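Right, one structure below, let's go through it.
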Protein chains: 2
Amino acid sequence: MAEKPSGTENKGPRRARAPLQSAQERNGEPPLSLPRIVATAVDLLDAEGVDGLTMRRLADRLGAGAMSLYWHVENKEKVFDLALDSALQYPASPQVADTLDWREDVVRLLEDWRVCMLRHPWSASLLPRRALGPNILGRLELLSSTLSRAGVADADLNAAIWSLWNYVIGATITRANFDRTDDDRTAAQQRVTGLSERYPTIERSRLLLDSDWDGTFRKGLDFLIDGIATKRE
Amino acid sequence: MAEKPSGTENKGPRRARAPLQSAQERNGEPPLSLPRIVATAVDLLDAEGVDGLTMRRLADRLGAGAMSLYWHVENKEKVFDLALDSALQYPASPQVADTLDWREDVVRLLEDWRVCMLRHPWSASLLPRRALGPNILGRLELLSSTLSRAGVADADLNAAIWSLWNYVIGATITRANFDRTDDDRTAAQQRVTGLSERYPTIERSRLLLDSDWDGTFRKGLDFLIDGIATKRE
DNA sequence: TCATCAAATAGTACGGTGTACGAGTCACCA
DNA sequence: TGGTGACTCGTACACCGTACTATTTGATGA
């Protein structure tokens, strides 16, 4: 009985690759492999959203049969885990934060994180309910060490980390899911306006019309960092 | 052709109710109605989670055929919308916040919000991607007016509201979805420990072992409110 | 060269899903 | 009495994840 490579590092098919190096583009079908599956899953998720990822469609894109995926992957769940962590890879160097200004470091760290998740709008909602992969842990580690070096008291460190995490997650999920177009926003705000005088403050501040997501994100982040800054020792 | 009552207020079945007032408990089947559907959906979601809500199961619980639901409700999506807003009702008076201390008001407001969502752990993840119902808007309005009365500058008001929203949403989603049991947490932290020295800070701070969710939530909220407080005029 | 064998691929099938469609049932009114 | 419109529901369809089984394939040892 063949043994699944699940749990261990997948060593890939042992089939003889065409000696012509990497460019066997349209040479029949390139073989199924975990990296290829994950990359294709990310593409599919980007293109079709969370509901668009089905094992059959994924297999189709890979030119394979649906059940073949299960040789490389335990579950559909596992595909989500792997795609998520893959989408959250650092684009470049993992050692970004090392300026003199720790505030600026934290901001850059989290803005990059957010941008990265917004590039894959399905990722933010998935993140809190999936296992923490190495890339996600890496970002958390970087955040932790930056705060620690900045002098955040040990007693406050975890609270600071989690609060920043919570903020970024919440902001990004909200951003990625809320009504995207101007029309949607106007409609929402008009619903509030029309629905009577039950929401005067929301109406006055035009809360639902606010479209400066980036600026609002930055402002809120500043609030939070300001609060954390007062707790340094 | 019969016309669906969708979009308008559902006035309920016009069938003659049994004259004996409200107690027709086990009198055959009580009629399907929007409120009953929504209430049952909340129950089902509480009991079985997001994936547990199925039109067929929901109908079963109501003693009805699956397709009968569609007379009262457009979609399964609509069921989610209604269940969500229903779950976020205020338990008691909608006018809670009116103490002298605005910070305390905001904390009470958001802690109540969080507790309410945690009572229905499916609700937090759903909230950002569904339409804002009246109860949700009510909570937002209360938050807005409290902050406004506290003297938060108009230029900062929306950012303050959204940052608090983001924080609560993020914290609650994380709390509701992360590994629940002590064992899970220890396993996660041990994965970090064992996985090498790539995550020294996380390991040292025992970030993933932290189980004081309530305290951490409150601390982070204090950070944020501290930051907002400095922006008052 | 060929038999062997595990790695890898794929087809079929099963029980589940949301819901379109059309056929009922029943209270009411002309 | 016959219709009308509110409401219920059985059937059917396309799609889902995946268990099970059969098949192909390439490397290896004889």
Side-chain angles (χ1 to χ4, degrees), chain A residues 1-19 24 27-37 40-41 44-45 48-83, chain B residues 1-19 27-37 40-41 44-45 48-81 83:
Chain A
M1 184 72 65
E3 181 112 344
K4 284 196 184 183
S6 69
T8 80
E9 289 304 306
N10 184 318
K11 291 173 297 305
R14 228 145 321 327
R15 188 183 297 142
R17 308 293 289 269
Q24 22 71 288
N27 182 10
E29 295 300 341
L32 238 35
S33 76
L34 200 57
R36 226 166 76 77
I37 291 176
T40 310
L44 187 53
L45 283 163
E48 315 266 358
V50 183
D51 294 338
L53 177 65
T54 71
M55 296 305 268
R56 281 178 241 251
R57 275 212 267 239
L58 180 54
D60 270 0
R61 281 209 172 197
L62 288 159
M67 291 315 292
S68 308
L69 300 177
Y70 287 88
W71 179 261
H72 303 269
V73 144
E74 242 175 347
N75 280 347
K76 189 184 179 186
E77 299 238 315
K78 204 77 186 177
V79 177
F80 276 128
D81 284 346
L82 295 167
Chain B
M1 184 75 64
E3 182 113 344
K4 285 195 184 185
S6 69
T8 80
E9 290 304 306
N10 183 320
K11 291 172 298 304
R14 228 145 322 322
R15 188 183 295 141
R17 310 291 290 269
N27 182 9
E29 296 300 340
L32 238 36
S33 75
L34 200 57
R36 226 165 77 79
I37 291 176
T40 310
L44 188 51
L45 283 163
E48 315 265 359
V50 182
D51 294 337
L53 177 64
T54 299
M55 296 305 268
R56 282 178 241 254
R57 274 212 268 237
L58 181 53
D60 270 359
R61 281 210 175 199
L62 287 159
M67 291 316 291
S68 308
L69 300 177
Y70 287 89
W71 178 259
H72 303 268
V73 144
E74 242 174 348
N75 281 349
K76 189 184 177 187
E77 299 239 314
K78 204 76 185 176
V79 177
F80 277 128
D81 283 347

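Throughout, a chain's letter reflects where its sequence line sits, starting with A, and its residues are numbered from 1. Just so you know, these numbers use all the heavy atoms, side chains as well, and skip hydrogens, waters and symmetry mates. Fair warning: this is a prediction, and the values are worked out from it, not measured in the lab.
Residue contacts shown for Ala59(A) are absent, as no nucleic acid heavy atom lies under 4.0 Å away.
The OH atom of Tyr70(A) sits 15 Å away from the C1' atom of dG11(C) (whole-angstrom rounding). One can place CG of Leu58(A) at 14 Å from C1' of dC16(D), the figure rounded to the nearest angstrom. Atoms CG (Leu32(B)) and P (dT25(C)) sit 19 Å apart, rounded to a whole Å. Glu74(B) has its CD atom 10 Å from the P atom of dA20(C), to the nearest Å. Regarding Leu34(B), its CG atom lies at a distance of 17 Å from the P atom of dA6(D), rounded to whole Å. Atom CH2 in Trp71(A) sits roughly 14 Å away from atom C1' in dT23(D) (whole-Å rounding). With rounding to whole Å, Leu69(A) atom CG is found 13 Å from dC16(D) atom P. Between the P atom of dC16(D) and the CZ atom of Phe80(A) lies a distance of 12 Å, rounded to the nearest Å.
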Intermediate values then yes/no, side-chain contact (heavy atoms from CB on, under 4.5 Å), Leu62(A) and Leu69(A): CA-CA 9 Å; Leu62(A) 288 159; Leu69(A) 300 177; 3.8 Å; yes
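Taking only side-chain nitrogens and oxygens, His72(B) never comes nearer than 4.0 Å to OP1 or OP2 of dA6(D). Within the structure, a side-chain polar atom (N or O) of Ser68(A) is placed less than 4.0 Å from OP1 or OP2 of dA10(C).
Taken to the nearest 0.5 Å, the NZ atom of Lys78(A) stands 10.0 Å off from the CG atom of Leu34(A). One finds the CG atom of Asp81(A) at 10.0 Å from the CD atom of Glu74(A) (value rounded to the nearest 0.5 Å).
When every heavy atom of Ala66(A) is checked against every heavy atom of Ala59(A), the shortest pair comes out as CA-CB, 3.5 Å. Closest of all the heavy-atom pairs between Arg36(A) and Thr40(A) is O-OG1, 2.7 Å. Counting all heavy atoms, side chain and backbone alike, Leu45(A) lies closest to Phe80(A) at CD2-CE2, 3.9 Å.
Two end axes, each from the C1' atoms of five base pairs, can be drawn for the helix from dT1(C)-dA30(D) to dA30(C)-dT1(D); they diverge by 30°, to 10 degrees.
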Could you list the donor-acceptor pairs under 3.5 angstrom formed between side-chain atoms of residues 50-58 of chain B and any protein atom two or more places apart in sequence or on another chain?
{"residue": "Arg57(B)", "atom": "NE", "partner": "Gly52(B)", "partner atom": "O", "Å": "3.1"}

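Judged as a side chain to side chain donor-acceptor pair (under 3.5 Å), and not counting sequence neighbours, the contacts of Glu77(B) are Arg130(B).
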Protein and nucleotides 12-17 of chain C: nitrogen or oxygen contacts under 3.5 angstrom:
{"residue": "dT17(C)", "atom": "OP1", "partner": "Thr54(B)", "partner atom": "OG1", "Å": "3.1"}

